[in-house]
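A quick note: this is a predicted structure, and the numbers were derived from the prediction, not measured.
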Amino acid sequence: MGNFRINASAAPSFILTGFPGMEAMEAWLFLPLLLFYTISIVGNILILLIVKLEQSLHQPMYYFLCLPSVNDLGVSFSTLPTVLAALCFHARVITFTACLAQMFFIHLFPWTESGILLAMSFDRYVAICNPLRYATVLTSACIVAMGLGTVLRSFVLILVFPLLLQRLPFCHSRNSLSHAYCLHVGMIKLACADVSLNSHYGLSIVLLTFGLDSALILMSYMLILRSVLAIAAREEHVKALNTCVSHILAVLLFYVPMVSVSIVHRFGAGLPHSVHILMSLLYLFLPPMLNPVIYSIKTKEMQRRLLKLIFRVRF
């Protein structure tokens, strides 16, 4: 409690960083970022609208598509305010409380995304391996329970981050962050105390969630592949696996940038700072921007309804 009072009374503030060495171009660099934000926000809102408005899409498969769309909107809106302020209006100072809040949500949504991808892999497993039980197993109540369970798990795990950070003193005259938004790893680097507890906890929940989720997703697809190969007809092989393509692409789109960012962070100490910023941006921007594209292109019914909504085409 003593450390908390010191931090609260001192009210440390942090300085957001844009693109070091490219300050003159930051206003122009924001334009492609704004395009990414627009594509992400509009695309995910369209998916939610289509599923809500079309009665024929009120099915478990399309309910699952809504979960990553809501999550991706959260990712976009959690980073947009400070990126816009830092790059476009050069408002780089953020208070300790605001930084904690942003850090919490930025980490909450990727952890939730991992759980959502695991739930969607379970959906594909039941649909292909136990199709006769699909309607009875994946009821609306079951989907809601899985969604709430995923959010609750992420909330409990990530809530520890700000609680641990509140214990730390920040005694530098300039607490300059390494990005245009607040991340846990960036904040603990600025602390004037031992941060081993923060680091060990962060690593443990990464292994507990991302490691376990990815292993279970891989296991589900091994079972799916075994079930598909047991089907005699080649056409049925292709048809069954085609229903998994969009989910597999979404899994790769989530985990590949995340692993790349981890590798660069752990072993890329000699790389230019701009490389670290670029990898972090790809990790936060690519999945929300491309997920709507993947789901709308690879899901024929979604594609038809999207065209109908945009161009008022009759199908």
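- Between Phe96 and Phe170, the angle of the ring planes lies from 30° to 60°, which puts this pair in the tilted group.
- Using cut-offs of 30° and 60° for the angle between ring planes, the His107 and Trp111 rings count as perpendicular.
- Judged by distance alone, the side chain of Ser121 and the main-chain N or O of Leu118 form a donor-acceptor pair under 3.5 Å.
- Using a 3.5 Å distance cut-off with no hydrogens or angles, the side chains of Ser76 and Ser40 do pair a donor with an acceptor.
- Under a 3.5 Å cut-off, the side chain of His58 and the backbone N or O of Lys52 do form a donor-acceptor pair.
- In this view, Asp123 satisfies the salt bridge (Lys or Arg N to Asp or Glu O under 4.0 Å) rule with no residue, not counting sequence neighbours.
- Taking the six-membered ring where tryptophan is involved, the planes of Phe161 and Tyr201 are perpendicular, since the angle between them exceeds 60° and thus also 30°.
- No donor-acceptor distance shorter than 3.5 angstrom exists from the side chain of Ser227 to the backbone of Ile224, with no hydrogens or angles considered.
- Between the SG atom of Cys99 and the NE2 atom of His184 there is a distance of 11.5 Å, given to the nearest 0.5 Å.
- Both Leu49 and Val70 belong to a common hydrophobic cluster when Ile, Leu, Val, Met, Phe, Trp and Tyr are linked at side-chain heavy-atom distances under 4.5 angstrom.
- Under the 3.5 Å distance criterion, with hydrogens and angles disregarded, a donor-acceptor pair is assigned to the side chains of Tyr255 and Ser114.
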key: Ser280 vs Tyr181, side chain to side chain donor-acceptor pair (under 3.5 Å): CA-CA, chis, key distance, verdict   = CA-CA 10 Å; Ser280 179; Tyr181 37 82; 2.7 Å; yes

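- Formation of a donor-acceptor pair under 3.5 Å by the Thr139 side chain with backbone atoms of Thr136 is not found in this model.
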request  = Apply side chain to side chain contact (heavy atoms under 4.5 Å, CB included) to the pair Tyr134 and Met61, showing each step before the final yes or no.
outcome  = CA-CA 10 Å; Tyr134 183 78; Met61 176 181 176; 4.1 Å; yes

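- Clustering ILVMFWY residues whenever any of their side-chain heavy atoms sit less than 4.5 angstrom apart, transitively, puts Val75 in a cluster other than the one holding Val151.
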